[in-house]
Structures are given as structure tokens and as C-alpha cells.
Amino acid sequence: MTKQEADWARLGYEVDAASEHEAAGSRYALLRNDSGDGLLVTGDAARRFTPAAADLDGREAASPWCVAALTPETAELLMQAFPWTRPVRRDQRRFSYGMGDRIDCATPAQLEAIASYPVFPIFAQQSIRELQLTRRSFPDVIAAAAFAVFAADYREGYGADGDHLKTLSEIDLALDAGCTMITLDCSERIDTTIAGLDRDARRQRWQKLPEDVRRHYLDNYADRDYPFIGHIPRSEVERIVLVFHRAIDLAQEAWEHIRKRGCEVDFELSIDETVQATTPLEHYLIARETSRRGVRLSTVAPHFSGEFEKGLDYIGDTATFRRELESHQAIAEILGYRLSLHSGSDKFRVFPHFGAVTSQAAHVKTAGTNWLEALRVVAVCDPALFRRSLEYAITARPEAERYYRVTSRVEEIPVLSEVADDDLAALVDAPASRQTLHITYGQLLHEPWFRVPFFSLLRREAGHYTTFLTRHTRRHLDALGLRRS
Ligand code: ZN
């Protein structure tokens, strides 16, 4: 141990030897500390970093050093020194997997989980809603992923997804932070009132559309024959245009905005947040028109029929799912992009179909998994904290239901005083308690009585967490038919 290392040890820091890297004559390593980690930089580069505290500043020393806090500013300097820690686009890789990390510490375990699977990981993946609920920003999320990738020496590349963005200003937030994937959520531009109109009312609405819009769609789509799709009747064109034309316009605006900023991203068009399942005709018309306007689609997320509820397996008829999926896949192949499946956590019943029909050239988004597996660590290692968390989650659930649709009922959760400690982990799996814990992450993470012991437990029990998360993630990847090399 050098004298400096002895000093850091006295301050409670331990050098994570596995994370040591060198660039341009300076050395970088993560320092672990019970109350938070830091980045140790020794050599000339230390002068560029901001020390986390006065006693962590050795920038004026003969051999300069500095311990910086793990902030977005530190991450930016790290990414400059080690470009492979910066998020990138998917490029040619066939299967991409969105994981997200709502707790800023899941990525090390996720790296372990995907090891040797043919997966392009999206470690940073947050919607604006998730950012608000966890009180973080896109730069925070990307920084957490960059530090984890650095520590693990993972150089295969990972993506950062600005998920479910609805406006150009939300897209700007994601691009400013360096997101490499943009998921455009068109839900606010989809007219859900059209479905309830009778023929005459619809006709009237159609007549109110600008003449050039009507002409354009009728000339290009009505009563024509398309490969695979066949004939699109005029009435169907009118209905689809009424529901989706503003969504199509938004896709074009968003794409042109991104291009004008000079950004290259994987662009996903998400039309999954509609009332009804997306029909093949809808999918085809929307995607073809979007592409025709110059939008380069990387993935499209249709709304598949059946229920994709948080924390539960797929509810619905898998034969119907597969039949629809085959149509959507055929369209995606004709138009040249991949399909994307949202709310993918725990959807084991449909994964074999999704993997087979897409030949694993697709995108799957999951998110809640890493949070729930962290709660499993709590259930196993700190039963008292788990009990208190679940009690709290039950009372917090009505508020969370404003954001997430769940159908399980809190009455199905057993009286906790009658559950033995050894049986608590089963509550992470039982539908009602699982959904309740799943959707209340924002509120729980905001409570100091939860946060502090929760994060220190995860640090202490990192081995448990990695084991649980790896097992659960690999169940997903295996069901999708991905094979480890
Ligand atoms: Zn979605």
C-alpha cells in the first residue's frame, strides 16, 4: 500500500483494485466507502476533477491526486478519458434489451446477468415519469451506468434510452445528457375519441380535416394493394388517419428536430399506449407514412393485445398474441426495422413466441425487475425493514395507481404479522404484494427511513443482489431463446 492509499484507508476508503485503469499517464480507480463511493484520479488528469471534500484534494501535490464524487460532471470527464464508458447506438446488434436502473446501483449486477448473452444492453433507460418519481435527471442516470461499466471494464457498448418522451423539450433533455436512443411516445397525439363515433360522426370529423391532408392519405393509401397487407379500404384509411395523423406529424417533427441538432440516435416509435391493440393496417400505414417522410425507424412498439401489467406474467391468449405478432413482424421486415416489446418484465408466457417470431432481432424493455430483486434482498436479509416497507407500500399504493394500472387487490395480501420471516420473500412473488411493491418505488425511495438502510443493505449484500438479479434476468433471456456463447 502506498502512503496515499494508507491515507484513503484512514478516511474509510478502499481502492477497488479491479476498477483500476490508465489513460494518458493518469490512473483512475473507484474508491469504495460505506457512505458513498468516489473516483480516485492520480496523475496530471487529477487537476481537471473537482474533489469531493477538502481532505480529498491532492491536486497541488508533486504527484497530483484527487478523489471526485460520482457526479455527472465526474462521469463526463471519465467518459472523455475512456470513450468506451459513454453510451452508444445499437449499430448492427440484433437484440437489444432495456433494463433501466431506478436505484443507481443495479448495473453491476445487470452486467453479470447478461455476461456472454448476445445482448446489446440499455443500462440507462428512464421515462420522465420515472425521473420525477426517483428525483433524478438523465445525466444522473447515465453517470451511474458509466461508472458501473468502467468498474467492470465492460467495453462492448451500451445504450441510453430517453424512454416515453412526449415533447420536443423532453427530447432535448435526453439529447443534452447524451441519450443514444429516443423512444417517442405519441399517446398525447392519438385521438382516442374516434373509436366511439358512429359512421356519420366519423364522416363529419373526416370532412373537417384540411383538404390536403385528406387528399394525401386517400391518394397514397386508399384502395391500393400492398405487399402482405393487401387492400386498404377507404373507410379504414379515414379511420386510421383520424386517430393517428397527428401522431405521425409528431414523429416527423421529433425526427427532424433530432437531426437538426446533429444527433444520431436509435429512434423508437411507440404507439403502445392506446386503448385498443394496434391492428396490422394501422401499424403499416403509420410506419410507412412515417418512413416516407424520412424518419429512420429503428424500432416500433405496437400495442399487442392482452394485458401487460407491471410485475405480472402476460394475461391473455398466447395464440392470438402470436398471430398478431406474426403480422407485425412481417410489416417490420418489409419496412426495415425491429419490433419493440414494452412492459417486458415477467412476461414469460409470450417470450418464447416473441423470440421465435422475431428471430431475436428485436427490442425488449423491462424496468421493474431490478427494483423487485433488490426488495428480495431486503426480504431475505432484513425482515423488519421488509415488513415496514410493504406496510408502507400498501398505504402508498392508491397514489401510485395514478401512474400505473394494476388489477391485483391489496386485500389479497396476507396479514403481515401472520407471515413468518422465512416466507417474506414469497411476497415478492405473490401478485398483489408484488404489484404493490412494484409501483410504489418512487414513494419508498423518497422515505429516509427506507432509503438509508436499503442502500447500505444493498452495498453489504451485493453478492445476494447479483445472484437474485442474475437468476431473474436470465429467466427472461432464456425464455426469449437467447443462447449464451
Ligand atoms: Zn411503453
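Keep in mind the model is a prediction, meaning the values are calculated, not measured. Just so you know, ligand 1 is whichever comes first in the structure, and atom 1 is the first atom listed for that ligand. The figures that follow rest on heavy atoms only: side chains count, while hydrogens, waters and symmetry mates do not.
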Taking NE2 in His446 as the centre, count heavy atoms belonging to other residues, nucleotides or ligands within less than 6.0 Å. Is the count above 12? no
Assess whether side chain to side chain donor-acceptor pair (under 3.5 Å) is satisfied between Asp172 and Ser169, documenting all intermediate values. CA-CA 5 Å; Asp172 279 335; Ser169 54; over 6 Å; no
Donor-acceptor pair, distance only, cut-off 3.5 Å: does the side chain of Thr473 make one with the backbone of Leu469? yes
Only to 10 degrees, please: what angle do the OD2 atom of Asp272 and the NE2 atom of His164 make about the Zn ion (ligand 1)? 140°
With Leu390, which of Leu385, Val428, Leu416 fulfils side-chain contact (heavy atoms from CB on, under 4.5 Å)? Leu416
Can you name the N/O/S atom of His342 that is nearest the Zn ion (ligand 1)? ND1
Tell me, please, if Asp163 has any N/O/S atom, main chain or side chain, under 2.8 Å from the Zn ion (ligand 1)? no
